[in-house]
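Convention: sequence-line order gives letters A, B, ...; per-chain numbering from 1. Below, each value reflects all heavy atoms present in this structure, side chains not excepted, and no hydrogens, waters or symmetry copies. Note that the structure is predicted; figures quoted are calculated from it, not measured.
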Amino acid sequence: MSEEKKSLNFIEQIVEEDLANGMPKAQLKFRFPPEPNGYLHIGHTKAIGISFGLGLKYNAPVNLRFDDTNPEKEEQEFVDAIKRDIQWLGYQWAEECYSSDYFQQLYDWAIRMIQEGKAYVDSQTSEDMRVQKGTPTEPGTNSPYRDRSVEENLELFIGMKEGKFKEGDHVLRAKIDMTSPNMLMRDPIMYRIMYKHHHRTGDEWCIYPMYDWTHGESDYIEQISHSLCSLEFKPHRELYNWFRDHVFDYSKSEYPLIPKQREFSRLNLSYTIMSKRKLMRLIEDGVVAGWDDPRMPTISGLRRRGYTPASIRGFVETVGVSKRENVIDVALLEFKIREDLNKTANRVMAVLDPVKVVITNYPEGQEEILQAENNQEDESAGFREVPFSRELYIEKEDFREEANKKFFRLKLGKEVRLKNAYIIKAESCTKDENGNITEIQCTYDPLSRSGSGTPESMRRVKGTLHWVSIKHAVEAEVRIYDRLFLDEAPDSHKDKDFMEFLNSNSLETINAYVEPSLQSATIGDRFQFQRKGYFNIDDDSTPEKLVFNKTVGLRDSWGGGKK
RNA sequence: UGGCCCAUGGUGUAAUGGUAACACACCGGUUUUUGGUGCCGUUAUUCUAGGUUCGAGUCCUAGUGGGCCAACCA
């Protein structure tokens, strides 16, 4: 009955405080506001998890709002991908919104601000404006156009909207304070002229509102209670409130509630990058095949790699929420997917680097069907049939002519258990002219069959190997991935480009032999290749040519026994 | 020659003035027909210096270190 009290993160505490101070629970409303200029990545999952998590916790609506105010970079493809990824993660938004839906309202409010002397049209070049803006340590100076009359401002702004000027001729700026220690308060730009086709509004507009003017007011229009974003927006909060308070003054009867912005630190993952611009460069430079390349830290990439929604959600939950800069060890992500797949993925046998084994005392031409447990962590997973015969493949690394006691695998004169099958003993091996082992001759103990219940079958031998029957094995392509970067934080070096840290061996494609039960597997299916790791069927797979991705390896406490 | 934010094991996150906890990683043990899983265990001057307090990781001050802010990007 007594449920353990989980501690609240600082954002949940803010919500609880607001509730305690009298905010009705029904007023709680959140939003996730991606810009459709790229695919979502694992870093976004934190923001998604926070806002959608709050929605779930308080049974409050969460809007999905596309912050589409810059038609230069935004595309419908990204809108579609973002929706697909959020749905795949298992979250449901209340309403699908677009900042561009509010362009008219924003424009009307801007007119009102001009009328009240709160905004003016500036006609300097961007370079002049930059100089005049000052620096973080020096105050800015007023624009020579700052004191234009309301009438002139109105005429110019309306002219901007009507397409009477060229791009760059004029901008609309809020009139705040050019000497503010907060650079964002130094008369920020509200509108710029842009003759670009917008993926939603087409060519209806040739002026587009800037982020600060748009974002907060979109929150306000949607009556969002808590607008949660990452730390770099902290300095924007002052401006967020400035715009919000003016607009509230104009529209409080229609929109009675005011949103508040709060900031948390974004998620960084070791050995990768988390910037849409840089991820795009990996694609453009051909380092990866696309946004959904299994090596990418994108949601689409992780999905294709074989990650489950539950593992990703569990990951961001474990990572927590704070205001500290952080780099999460990618090992935690890997732990989360292993944790999930260990419970859910069926075990199968696949030999990735084969060497032939002949069981000399097994009758030629004989075959038999053995029973194999699908998942010892899940009794309901049942059993499958695995064919056995005289000639098998095992992993090359599982045999040595001689080795010390720490080598629990097959060596000359010693026994090993073949998983779900018999105990075999290595008698001899043959090599090619280069000394490479080409075949291992073994004998088997016919009474030792797994599950047969004989005393021989109960014998304990130290090693157990996976294998496939050569005659029955299915050939498959297996793609093995490694981290994309060799440096723990590739984009944290001021003096070096992140591309310098690329891992040139992040993809290895091999030909493997898998047990015949996998012939019927379909795209997305996940398995544990016993003793090897977790693998899933790639989008490129066909019944004629199976293609697997390595999602993550099994934890390996042996380390290969090198030296 | 400014403003704002942050500082707890290797990495993250708790402890909400009262015994520094949890997860991952690491190392060791145990179980095991996966060197997987499970189970058990080892590992900490809470950045520094002052101050407030019976009592400070927590509050105050200063310092140190890190981050953000000078796009007609979001």
Side-chain angles (χ1 to χ4, degrees), chain A residues 6-10 13 33-35 37 67-70 72-74 99 122 125-126 129-131 133-140 167-173 180-184 186 189-194 207-208 210-212 214-215 229 231-238 263 265 267 270 276-277 318-336 338-339 342-343 347 349 373 376-377 406-409 416-421 423 450-451 457-466 488 528-533 553-561:
Chain A
K6 255 195 78 184
S7 60
L8 303 176
N9 66 49
F10 82 96
Q13 286 176 33
E35 183 191 10
N37 68 342
D67 230 329
D68 55 350
T69 60
N70 186 1
E72 198 158 19
K73 301 198 225 166
E74 294 150 8
S99 289
D122 199 341
T125 63
S126 59
M129 279 181 55
R130 189 184 64 74
V131 172
K133 193 152 190 169
T135 70
T137 53
E138 298 159 35
E167 284 187 12
D169 280 358
H170 308 285
V171 293
L172 184 72
R173 300 178 75 175
S180 170
N182 183 348
M183 300 275 308
L184 288 153
R186 322 239 264 228
I189 294 172
M190 295 172 70
Y191 280 92
R192 76 283 214 190
I193 299 169
M194 243 181 156
I207 54 170
Y208 289 94
M210 301 289 288
Y211 166 82
D212 287 293
T214 311
H215 186 86
C229 59
L231 237 40
E232 67 269 29
F233 291 98
K234 176 73 216 298
H236 293 251
R237 189 151 115 193
E238 189 180 359
E263 311 82 12
S265 60
L267 167 72
S270 63
K276 282 189 271 190
R277 207 192 84 247
T318 302
V319 149
V321 182
S322 74
K323 300 173 84 159
R324 291 170 64 174
E325 289 297 318
N326 61 78
V327 181
I328 308 295
D329 193 338
V330 70
L332 180 63
L333 217 211
E334 295 179 342
F335 166 78
K336 284 293 171 182
R338 284 194 199 103
E339 182 185 42
N342 176 50
K343 284 179 283 200
R347 274 62 172 168
M349 293 194 287
E373 195 175 9
Q376 34 282 87
E377 304 293 321
K406 304 278 278 246
F407 186 76
F408 304 157
R409 308 179 183 190
V416 84
R417 159 74 64 186
L418 291 179
K419 181 78 185 168
N420 303 312
I423 294 173
S450 291
S457 72
M458 316 286 252
R459 279 169 53 210
R460 307 176 68 109
V461 284
K462 187 58 188 168
T464 301
L465 305 185
H466 61 279
E488 190 171 300
Q528 183 196 99
F529 287 1
Q530 274 182 127
R531 302 210 304 134
K532 285 281 145 195
L554 252 26
R555 209 166 135 255
D556 184 1
S557 56
W558 186 52

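Comparing G63(B) with A71(B), their P atoms are spaced 29 Å from each other, to the whole Å. Using atom C1' as the reference point in both U52(B) and C60(B), the two lie 7 Å apart (nearest Å). Here the separation of G29(B) from U11(B), taken at their P atoms, is 26 Å to the nearest Å. Here the separation of U58(B) from C26(B), taken at their C1' atoms, is 30 Å to the nearest Å. To the nearest whole angstrom, the two P atoms, one in A14(B) and one in A7(B), are 10 Å apart. Atom C1' of G17(B) sits at a distance of 11 Å from the matching atom of G57(B), rounded to the whole Å. C5(B) sits 37 Å from U42(B) when the C1' atoms are compared, rounded to a whole Å. The P atoms of U1(B) and U19(B) are separated by 46 Å, rounded to the nearest whole Å.
In RNA chain B, consecutive stretches of 3 or more Watson-Crick or G-U wobble pairs with both distances under 3.5 Å are given as paired ranges: B:2-7 with B:64-69, B:10-13 with B:21-24, B:27-30 with B:38-41, B:47-51 with B:59-63.
At the heavy-atom level, F407(A) lies under 4.0 Å from base atoms of the strands shown. E263(A) comes within 4.0 angstrom of no nucleic acid atom, judged by non-hydrogen atoms across all strands. Counting non-hydrogen atoms under 4.0 angstrom, G140(A) reaches nothing in the nucleic acid. In this structure, V321(A) reaches the sugar-phosphate backbone alone: every heavy-atom distance under 4.0 Å involves primed, P, OP1 or OP2 atoms, never a base. The residue K406(A) sits close to a base: some heavy atom pair falls under 4.0 Å.
Here the P atom of nucleotide G2(B) and the CZ atom of R186(A) are 14 Å apart, to the nearest Å. The interatomic distance linking R347(A) (CZ) with U32(B) (C1') rounds to 13 Å, in whole Å. Rounded to whole Å, the distance from CD on E339(A) to C1' on C39(B) is 16 Å. Following rounding to the nearest Å, N420(A) (CG) and U33(B) (P) show an atom-to-atom distance of 12 Å. Nucleotide A14(B) holds its P atom 11 Å from the CG atom of N326(A), rounded to whole Å. Rounded to whole Å, atom P of C27(B) lies 11 Å from atom CG of D556(A). The CD-P distance, from Q530(A) to U37(B), rounds to 13 Å in whole Å. Taking atom CZ on R409(A) and atom P on U33(B), their separation rounds to 17 Å, with Å as the unit.
Inter-residue side-chain proximity for S265(A) and N326(A) is flagged as met; some heavy-atom pair is nearer than 4.5 Å. Counting heavy atoms from C-beta outward, D122(A) and M129(A) have side chains that approach closer than 4.5 Å. You'll find the side chain of T318(A) reaches within 4.5 Å of the side chain of L332(A), heavy atoms only.
Here the shortest heavy-atom pairing between Y191(A) and I207(A) reads CD2-CD1, 3.9 Å. Of all non-hydrogen atoms in N420(A) and M349(A), the two that sit nearest each other are ND2-CE, 4.1 Å.
Side-chain contact of N9(A) with S322(A): a donor-acceptor pair under 3.5 Å is absent, judged by distance alone. For E74(A) and N37(A), the side-chain atoms include no donor-acceptor pair closer than 3.5 Å. For the residue pair S99(A) and D67(A), a side-chain donor N or O sits within less than 3.5 Å of a side-chain acceptor on the partner.
If you check distances only, the side chain of R338(A) never reaches the base of G36(B) with a donor-acceptor pair under 3.5 Å. R417(A) contributes a side-chain N or O that forms a donor-acceptor pair with the base of U33(B) under 3.5 Å. Judged by distance alone, with hydrogens and angles left aside, Q376(A) brings no side-chain donor or acceptor close enough to the base of U37(B) to form a pair under 3.5 Å. Side-chain atoms of E488(A) stay outside donor-acceptor range of the base of G10(B), with no qualifying N/O pair under 3.5 Å.
Residues satisfying the salt bridge (Lys or Arg N to Asp or Glu O under 4.0 Å) test with R192(A), not counting sequence neighbours, are none. In this structure R417(A) satisfies the salt bridge (Lys or Arg N to Asp or Glu O under 4.0 Å) test with no other residue, sequence neighbours excluded. For D68(A), the salt bridge (Lys or Arg N to Asp or Glu O under 4.0 Å) test picks out no residue, with sequence neighbours left out.
Nearest nucleotide to the K234(A) side chain, out of C5(B), G35(B), G36(B): C5(B).
Both L418(A) and S322(A) lie close to RNA chain B; mapped to their nearest nucleotides by heavy-atom distance, the more 5′-ward contact belongs to S322(A).
Residue R237(A) has no polar side-chain atom (N or O) positioned under 4.0 Å from OP1 or OP2 of C4(B). In this model, the phosphate group of U33(B) is approached by a side-chain N or O of R460(A) to a distance below 4.0 Å at OP1 or OP2.
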### Message
What does the B/S/- profile of nucleotides 68-74 of chain B look like, 5' to 3', with a 4.0 Å heavy-atom cutoff to protein?
### Response
-BBSBBB

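Taking 4.0 Å as the cut-off between side-chain N and carboxylate O, E263(A) and R237(A) count as a salt-bridged pair.
A side-chain donor-acceptor contact under 3.5 Å links K276(A) to the backbone of E35(A).
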Distances for protein N or O near nucleotides 17-24 of chain B N or O, under 3.5 Å:
none

### Query
Would M190(A) and M210(A) satisfy side-chain contact (heavy atoms from CB on, under 4.5 Å), going step by step from the backbone distance to the final call?
CA-CA 5 Å; M190(A) 295 172 70; M210(A) 301 289 288; 5.7 Å; no

